[in-house]
Amino acid sequence: MIKPSMSKTLTCSRCGCKREAYELNGVNLTSTGWDDDSRAICKRLVDCHSAEADEAINWLLDALDDDNEDAA
Ligand SMILES: [Zn+2]
C-alpha cells in the first residue's frame, strides 16, 4: 500500500531552497494530495536566500541599530 507522504520536500518560490512543508508559507494542499509550492516562501526570512528577504532583513537590522543608539 502506498500512503501519501506528509513530508514531501517543497521548493521556496523565491530562493529555490528545498524545504519541508512546515517551513514554508503559502503552500496549498491540493485535492490530489500534492502540495502546490508555486507560491511558497520560506517562513523564516533569515533562512530565505532571496533578494526580497535580504532587503527585509537589512531593513530590520537598520531599525534595530537605530533603537540601540536611542537606548544607549
Ligand atoms: Zn526562500
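Atoms within a ligand are numbered from 1 in the order they appear, just like the ligands themselves. In this chain, residues are counted from 1 in sequence order.
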>> Applying side-chain contact (heavy atoms from CB on, under 4.5 Å) to Ile41 and Ser13, what does each step give before you reach the verdict?
In response: CA-CA 6 Å; Ile41 58 168; Ser13 66; 4.0 Å; yes
>> Can you list everything that forms a salt bridge (charged side-chain N to carboxylate O under 4.0 Å, His left out) with Arg39? Sequence neighbours excluded, please.
In response: none
> If you look at every heavy atom in Asp47 and Cys42, which pair is closest and at what distance?
Replying inline: O-SG, 4.2 Å
> Rounded to the nearest 0.5 Å, what separation is found between the OG1 atom of Thr9 and the CZ atom of Arg19?
Replying inline: 11.0 Å
> Are the side chain of Asp36 and the backbone of Ser38 linked by a donor-acceptor contact shorter than 3.5 Å?
Replying inline: yes
>> For the backbone of Gly16 and the side chain of Thr11, can you confirm whether one donor and one acceptor N or O come within less than 3.5 Å of each other?
In response: no
>> For a distance under 2.8 Å, give residue and atom name for each protein N, O or S atom next to the Zn ion (ligand 1).
In response: Cys12 SG, Cys15 SG, Cys42 SG, Cys48 SG
